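What you see is a predicted model, and the numbers here were worked out from it, not measured in a lab. For the numbers below, each heavy atom of this structure counts, side chains included, while hydrogens, waters and symmetry mates do not. The chains referred to below are lettered A, B, ... by the order of the sequence lines, with proteins before strands, and numbering in each begins at 1.
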2 protein chains.
Amino acid sequence: MEALKNYFNKLFPLTEAAWQDFEQCLVKETVVKKDLILEEGQKCDFIAFVGEGICRFYYVKEGEEKITAFFFSGDFVTNYRSFLTGQPSEHYIECMQQSVIYKVFKKDLLQLYDQHQCIERLGRLIAENLYLTVARRLDSFLYATPEERYQELLQRNSKLLQEVPQYMLASYLGVKPETLSRIRARK
Amino acid sequence: MEALKNYFNKLFPLTEAAWQDFEQCLVKETVVKKDLILEEGQKCDFIAFVGEGICRFYYVKEGEEKITAFFFSGDFVTNYRSFLTGQPSEHYIECMQQSVIYKVFKKDLLQLYDQHQCIERLGRLIAENLYLTVARRLDSFLYATPEERYQELLQRNSKLLQEVPQYMLASYLGVKPETLSRIRARK
DNA sequence: CTTTTTCGTTGACTTCGATCAAGAAAACAA
DNA sequence: TTGTTTTCTTGATCGAAGTCAACGAAAAAG
């Protein structure tokens with residue numbers, strides 16, 4: 001899995017031995033459109049690297065899907081909270097397109113942490129990066145209006161805008177589809 | 001610093017040698033009420049353990065203080081984003097009471113990570129915990145109304161309720177003081 | 001291609017938090 | 001104590017997002 005190796009190398013290069021042990025633990029999965037790779041109530045016992053595809057991470061409140069995050073190729077997809085705490089997931093993860101993902105299971109990862117200090121470090125760096133991601137998202141809810149959040153999206157011209165239907169974008173921004181439509185009309 | 005050692009032991013016990021090296025790097029600071037331990041524009045080059053006291057972590061938007069977090073004795077206080085990325089802080093950290101904190105500086109911590117695998121692991125566990133903290137807070141903004149957020153606070157009967165003036169609570173909950181007053185009146 | 005379903009827009013109206021303003025209560029200082 | 005400042009409450013009004021409903025456009029299914 002070259003893409004993953006490159007990703008790691010940018011964060012912190014693994015030794016050859018560590019990478020080989022790590023690669024042993026990767027489980028490739030091909031997932032078809034609309035498949036759930038995690039359902040509510042399940043424990044999330046893996047972290048997966050997205051090779052290709054897009055996944056959405058959502059929560060159902062009062063029959064309505066609230067999208068918390070999207071994951072694209074090159075991201076790690078997991079319910080990290082459930083993964084860390086062992087509690088059942090309150091969220092679903094759905095692949096929106098045919099996708100290829102590479103899972104590492106928790107039990108394997110914990111062993112790898114013990115066996116290779118450089119993987120332990122990678123684990124720290126990944127946790128730190130995931131922290132930065134949620135922290136930024138929290139900020140945009142604490143300090144910005146829905147309109148400002150939409151403008152931010154426009155500016156960073158994220159894949160979201162091309163790849164994701166508008167009603168899902170609305171959910172991601174924390175508003176109703178009608179409201180996003182009106183925000184766009186305001187220009 | 002016994003409290004800190006206990007805290008670590010619950011997460012992951014350090015070896016005696018690691019703890020001794022770690023303790024060497026702790027810098028004790030006594031801070032008086034209203035002192036800023038971090039200002040906007042500064043790089044946050046430390047993580048501090050709060051021995052006693054309360055700190056507030058806030059951002060100023062259009063002349064208004066928006067409180068993102070509170071830190072109590074037993075917590076780590078830092079601008080973790082600035083600490084990790086090296087970017088200047090957009091937030092202030094103020095001690096609301098006379099406080100005692102124990103700083104570890106980034107340059108020292110990075111060395112400790114290299115020297116002791118158990119400290120590296122502790123670093124991962126702390127990053128994971130900080131992740132869980134923001135993620136929970138993000139959830140409460142994504143999925144709950146201000147009223148529900150206030151009810152949550154009431155239930156977990158946090159120190160916040162006793163120790164913090166209501167207008168700061170309001171800011172923390174993401175509403176104006178008038179609104180919190182009305183939420184309380186609704187019961 | 002036509003039919004059916006999903007998605008996006010628009011209008012009328014409601015709801016809830018923000019804003020502005022005034023006054024009461026509590027905390028603090030002289 | 002008294003006086004001053006800070007914090008909390010209450011009322012009136014405003015505004016942005018939600019809700020409900022209708023309709024046209026686009027996409028999917030046949």
> Can the positive tip of A:Arg81 be found less than 6.0 Å from the middle of the six-membered ring of B:Tyr131, inside 45° of the ring normal?
Replying inline: no

>> What is the distance, to the nearest angstrom, from the NZ atom on A:Lys176 to the C1' atom on C:dT10?
In response: 18 Å

> Does NZ or CZ of B:Arg121 come closer than 6.0 Å to the centre of the six-membered ring of B:Phe12, within 45° of the ring's axis?
Replying inline: yes

> Atom CZ of B:Phe141 to atom C1' of C:dG17: distance rounded to whole Å?
Replying inline: 14 Å

> Taking atom P of C:dG17 as reference, at what distance in whole Å does atom CD of B:Glu148 sit?
Replying inline: 10 Å

>> So, does B:Gln166 get its side chain near the phosphate of D:dT6, meaning an N or O under 4.0 Å from OP1 or OP2?
In response: no

> OP1 or OP2 of C:dT9 sitting under 4.0 Å from any side-chain N/O of A:Arg186?
Replying inline: no

> Whole Å only: how far is the CD atom of B:Glu178 from the P atom of D:dT7?
Replying inline: 13 Å

> Could B:Arg184 and B:Tyr150 be counted as a cation-pi pair, given that NZ or CZ must be under 6.0 Å from the ring centre and within 45° of the axis?
Replying inline: no

> Can you tell me how far P of D:dT9 sits from CD1 of B:Ile183, to the nearest Å?
Replying inline: 12 Å

> When you measure from the side chain of B:Thr179, which nucleotide among C:dA18, D:dA17, D:dG18 comes out closest?
Replying inline: C:dA18

>> Between B:Asp45 and B:Lys103 (salt bridge meaning N to carboxylate O under 4.0 Å), is one present in this structure?
In response: no

> CG of B:Leu180 versus C1' of D:dT9: gap in Å, rounded?
Replying inline: 11 Å

>> Just the rounded figure in Å: distance from C1' of C:dC20 to CD of B:Glu64.
In response: 14 Å

> Taking atom P of C:dA27 as reference, at what distance in whole Å does atom CD of B:Glu163 sit?
Replying inline: 14 Å

> Distance check: side-chain N/O of B:Arg184 vs OP1/OP2 of D:dT10, anything under 4.0 Å?
Replying inline: no

>> What's A:Arg182 touching, base or sugar-phosphate or nothing? Going by heavy atoms closer than 4.0 Å.
In response: base

> Under the 6.0 Å and 45° cation-pi test, does B:Arg56 pair with B:Phe71?
Replying inline: no

>> For D:dC8 and B:Ser181 - does any side-chain N or O of the residue sit under 4.0 Å from the phosphate oxygens OP1/OP2?
In response: no

